[in-house]
Amino acid sequence: MKVVLQAIIGSISIHVIYVVVVILVGYIKTKNYKPDIENAWDKVETLQNEVEIVSVASPHFYHFWE
């Protein structure tokens with residue numbers, strides 16, 4: 001039982017550390033982000049100007065074909 005408890009505590013601590021690091025990195029990136037509005041206009045032609053509309057069947061539909 002002691003090993004299971006240690007594993008649970010270790011798992012929770014690793015998850016908490018991971019979540020805190022991800023939030024901290026996101027916060028730092030957000031605070032340091034400076035958009036370059038003047039140079040953004042130079043890249044307008046690279047944007048997609050067409051829309052493709054498709055339909056996707058349910059995964060259960062493919063199950064019956066196998």
Side-chain angles (χ1 to χ4, degrees):
M1 188 68 180
K2 183 178 179 182
V3 175
V4 173
L5 186 60
Q6 288 175 348
I8 291 172
I9 292 171
S11 174
I12 290 173
S13 63
I14 289 172
H15 281 86
V16 167
I17 292 170
Y18 176 77
V19 169
V20 168
V21 168
V22 168
I23 290 173
L24 186 64
V25 167
Y27 177 77
I28 292 170
K29 283 185 169 184
T30 302
K31 291 299 282 184
N32 293 330
Y33 177 70
K34 293 179 179 65
D36 189 12
I37 297 172
E38 291 181 8
N39 289 333
W41 288 105
D42 296 335
K43 299 177 185 175
V44 172
E45 68 273 2
T46 61
L47 298 176
Q48 185 176 357
N49 59 3
E50 296 179 3
V51 176
E52 183 175 342
I53 300 174
V54 296
S55 65
V56 179
S58 171
H60 301 295
F61 177 75
Y62 295 117
H63 180 68
F64 292 116
W65 287 98
E66 293 180 359

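Values in this document were obtained by computation on a predicted structure and should not be read as measured data.
- Distance CD1/Ile28 to NZ/Lys31: 11.5 Å, rounded to 0.5 Å.
- More than 12 heavy atoms of other shown residues, nucleotides or ligands fall within 6.0 angstrom of atom CG in Leu5.
- Following chains of ILVMFWY side-chain contacts shorter than 4.5 Å, one cannot reach Val19 starting from Tyr27, and the two form parts of different hydrophobic clusters.
- Remark: the backbone N or O of Ala7 is not paired with any side-chain donor or acceptor of Ser11 at under 3.5 angstrom.
- The hydrophobic clustering, which links ILVMFWY residues whose side-chain heavy atoms are closer than 4.5 Å, places Val20 and Ile12 together.
- Around CD of Glu38, the count of heavy atoms belonging to other residues, nucleotides or ligands within 6.0 Å does not exceed 12.
- Ile17 and Ile9 fall into different hydrophobic clusters, defined by Ile, Leu, Val, Met, Phe, Trp and Tyr side-chain heavy atoms under 4.5 Å apart, directly or through other members.
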